[in-house]
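Basis for what follows: all heavy atoms, side chains included, without hydrogens, waters or symmetry-related copies.
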Amino acid sequence: MESTLILYNTLSRKKEIFQPLNPPFTGMYVCGPTVYGDPHLGHARPAITFDVVFRYLQHLGYRVRYIRNITDVGHLENDEDQGEDKIAKKARLEQLEPMEVAQYYSDRYFIFMEAMNVKRPSVEPRASGHIPEQIEMIRKIVDAGYAYEVNGSVYFDVLKYNEKYKYGKLSGRILEDLLSNTRELEGQEEKKNIVDFALWKKAQPEHIMRWSSPWSEGFPGWHLECSAMGTKYLGEHFDIHGGGMDLMFPHHESEIAQSRIANGSDSVKYWMHNNMITINGQKMGKSLGNFITLEEFFTGNHPGLSQAYSPMTIRFFILQAHYRSTLDFSNEALQAAEKGLKKLFAGIETLKKITSVDPSVTTTSGINIQQLSDNCYQAMNDDFNTPMVIANLFEGVRIINSVWDKKESLSQADLELLKNMFGLFMGDILGLKEETKDGGDEVVQGLMDLILAIRKDVREKKDFSTSDKIRDALQSLKITVKDTKEGTVWSGD
RNA sequence: GGUAUCGUGGCCGAGUGGUCAGGCAGAGGUCUGCAAAACCUCGUACAGCGGUUCGACUCCGCUCGAUACCUCCA
């Protein structure tokens, strides 16, 4: 399938043809989590969104280097604790070493991402492991005259930058508006201007995480780590930078400014932003306290959840919406996703059982598998339209079931095409895989065979009350029995 | 206040200037001992008001409403 990938570039606010700087090599950087809390549903969205981008680019034959950072330092918290590092704050509260906290939560992050079948990126760099690179970058910016030092802290001079370049071009901000609207925050009197942002902060005595630098013992500013690590692993120019929409300003805006000065040119070709997940129409976020962690979803252990939802259900739920749309969480929506996903997997099971086709059928009437497959490619090529892909998969399931019911027939070629389509789009690209199901136990299998054989006997004698008693008893053990034309099948829940 | 995004049937959610999303729920039917599953049929949805057009849910304008960002957040 030869076709062109088009993606929406936040920078131009247009869909653009994807043309990597050095094909077939492709560089992609995505802002990862700050590891000071358990991952919640909001973290799943960018991880899954860019996982699909990663998978699809690879499928198209690109050699992708995918970087997703771990922020374990330098993320300032400005609300209650003045200028205190998030990791350090959490560490003090829990009486743990800062790196212990970072380790714990990054481990948790990886576990939950793996459960949702999110592939590990090529490199997962930590900010704390790249202090020299960050210092070097600050030095370049200082040397270029776009940063100034005050009491051991270094700030980026946004006003000066704006004279020559445009600060705000990504987010559509106008500097004058920012100057008149930005809220006054305490502890920022060092800055020449409120819009300036920190590249290096001098550590207060109580601050545990600190490194030496030409300016002071301290720690790097948040925006810097992504610029420094992106440059280190992907070079001064790379293709895609992704992240949540809420990071557009000031984080990504500041990255653009820093890289522009330090590297002498714009570093990112395509900016991609996923939209937010909302709950009751409001953004689910840490600051609002309305977030539900992934563990709570997987266990159902949260007052807002009427049941547990499996990792694949969460993944499917997210992929059912386009990544640039907001996605509203509700139990109803999640249950719908769960059922829909089950239907897709049931279709795949049925597809596996269709082995022989009617040899007389060379062409099929009304069924165009090639068209279905093409639709999937077109959907992916049009800015990763996963909901459209899913709609076509459902159409595929309808065909599968019709064929199984002998209401439709397929040619051998079409059958192969259909199998490939499901394997590719459902499995490789959307990354949806069947979750572990029991039944591998030989004893259980033997018992079930025995029980169903007995049930078969009584059914043949039209002793339906006994037959139903067995089925009901099994159902109460969460084993569903179905009598199909091909015999009785069972499935554990 | 500024900037941006968005308003689609009971719910979730695509998309397009003139045939159709799709899923879940609901109604009827086929099949089946009954269930279940599956298949078929069914909803006159595009915030409101104007404008452009032969024709708009889709383009333009206005109004109303929602959300995000402007301070940390994926």
Find the distance [X]:[atom1] to [N]:[atom2] and express it as a whole number of Å.
| X | N | atom1 | atom2 | answer |
| --- | --- | --- | --- | --- |
| Asn274(A) | U67(B) | CG | P | 20 Å |
| Arg13(A) | U5(B) | CZ | C1' | 9 Å |
| Ile277(A) | U5(B) | CD1 | C1' | 17 Å |
| Asp383(A) | U16(B) | CG | P | 12 Å |
| Leu327(A) | A74(B) | CG | P | 17 Å |
| Tyr8(A) | A4(B) | OH | P | 11 Å |
| Met116(A) | A74(B) | CE | C1' | 12 Å |
| Asn69(A) | A74(B) | CG | C1' | 11 Å |

Which part of the nucleic acid, if any, lies within contact of [X], taking any heavy atom under 4.0 Å across all strands shown: a base, the sugar-phosphate backbone alone, or nothing?
| X | result |
| --- | --- |
| Ile390(A) | nothing |
| Ala391(A) | base |
| Val30(A) | nothing |
| Arg324(A) | nothing |
| Gly42(A) | base |
| His40(A) | base |
| Ser171(A) | sugar-phosphate |

| request: Please report the C-alpha distance between Asp457(A) and Lys461(A) in whole Å, then the side-chain angles of each, then the deciding distance to 0.1 Å, and finally whether the salt bridge (Lys or Arg N to Asp or Glu O under 4.0 Å) criterion is met. | output: CA-CA 6 Å; Asp457(A) 281 349; Lys461(A) 290 171 193 154; 5.6 Å; no
| message | Regarding Asp51(A) and Arg68(A), does a basic nitrogen lie under 4.0 Å from an acidic carboxylate oxygen? | response |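 Between Arg68(A) and Asp51(A) there is no salt bridge, as every charged N stays at least 4.0 Å from the carboxylate O atoms.
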| message | Assess whether a salt bridge exists between Asp472(A) and Lys469(A), defined as any Lys/Arg side-chain N lying under 4.0 Å from an Asp/Glu carboxylate O. | response | no
| said: Ring centroids only, cut at 6.0 angstrom: are Phe297(A) and Phe329(A) within range, meaning strictly under it? | reply: yes
| query | Does the separation of the ring centres of Tyr270(A) and Tyr8(A) fall below 6.0 angstrom? | reply | no
Give a yes/no answer on whether the side chain of [X] brings an N or O atom under 4.0 Å of OP1 or OP2 in [N].
| X | N | value |
| --- | --- | --- |
| Lys283(A) | A74(B) | no |
| Lys482(A) | A35(B) | no |
| Asn385(A) | G15(B) | yes |

Rounded distance in Å between the [atom1] positions of [N] and [M]:
| N | M | atom1 | result |
| --- | --- | --- | --- |
| U8(B) | C20(B) | C1' | 15 Å |
| C46(B) | U58(B) | C1' | 9 Å |
| A47(B) | G7(B) | C1' | 6 Å |
| G15(B) | G51(B) | P | 29 Å |
| G9(B) | G22(B) | C1' | 14 Å |
| C31(B) | G26(B) | P | 22 Å |
| G10(B) | A45(B) | C1' | 12 Å |
| A21(B) | G43(B) | P | 11 Å |

Quick one: which of [options] gets closest to the side chain of [X]?
| X | options | answer |
| --- | --- | --- |
| Asp328(A) | C12(B), C70(B), A4(B) | C12(B) |
| Arg455(A) | G33(B), A74(B), A37(B) | G33(B) |
| Lys339(A) | A74(B), C24(B), U3(B) | C24(B) |
| Gln320(A) | C70(B), A74(B), G22(B) | G22(B) |
| Glu332(A) | A74(B), C70(B), C11(B) | C11(B) |

Across all strands, who's sitting opposite [N] as a Watson-Crick or G-U wobble pair, both distances under 3.5 Å?
| N | result |
| --- | --- |
| C42(B) | G26(B) |
| U5(B) | A66(B) |
| A37(B) | none |

| Taking it one step at a time, do Phe112(A) and Phe298(A) satisfy ring-ring contact (aromatic ring centres under 6.0 Å, His included)? | CA-CA 9 Å; Phe112(A) 293 126; Phe298(A) 300 162; 5.8 Å; yes
| request: Name the residue closer to the 5' end of RNA chain B, choosing between Asp246(A) and Phe249(A) according to the nucleotide with the nearest heavy atom. | output: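 Here Phe249(A) is the residue nearer the 5' end.
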| request: Would you mind telling me which residue lines up with the more 5' stretch of RNA chain B, Phe394(A) or Ala333(A), judged by nearest nucleotide? | output: Ala333(A)
| query | Among residues 463-472 of chain A, which contact RNA chain B at a heavy-atom distance under 4.0 Å? | reply | Phe464(A), Ser467(A), Asp468(A), Arg471(A)
| task | Return yes if the base of C39(B) and the side-chain atoms of Arg398(A) contain a donor-acceptor N/O pair under 3.5 Å, otherwise no. | result | no
| query | Taking N and O atoms by type only, does the side chain of Asp483(A) place a donor or acceptor under 3.5 Å from a partner on the base of C34(B)? | reply |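 By the distance-only test, yes, there is a pair.
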| query | His40(A) vs Phe291(A) aromatic rings, parallel, tilted or perpendicular, using cut-offs 30° and 60°? | reply | tilted
| request: Give me the ring orientation class for His241(A) and Tyr29(A): parallel if the planes are under 30° apart, tilted from 30 to 60°, perpendicular past 60°. | output: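 Taking Tyr29(A) first and then His241(A), their aromatic rings sit tilted (interplane angle of 30° to 60°).
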| query | How about Ser306(A) and Gln335(A): does a side-chain donor come under 3.5 Å of a side-chain acceptor? | reply |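 Per modelled atom types, Ser306(A) and Gln335(A) side chains form a pair under 3.5 Å.
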| said: Regarding Asn193(A) and Tyr155(A), do their side chains bring together a donor and an acceptor under 3.5 Å, going by distance alone? | reply: no
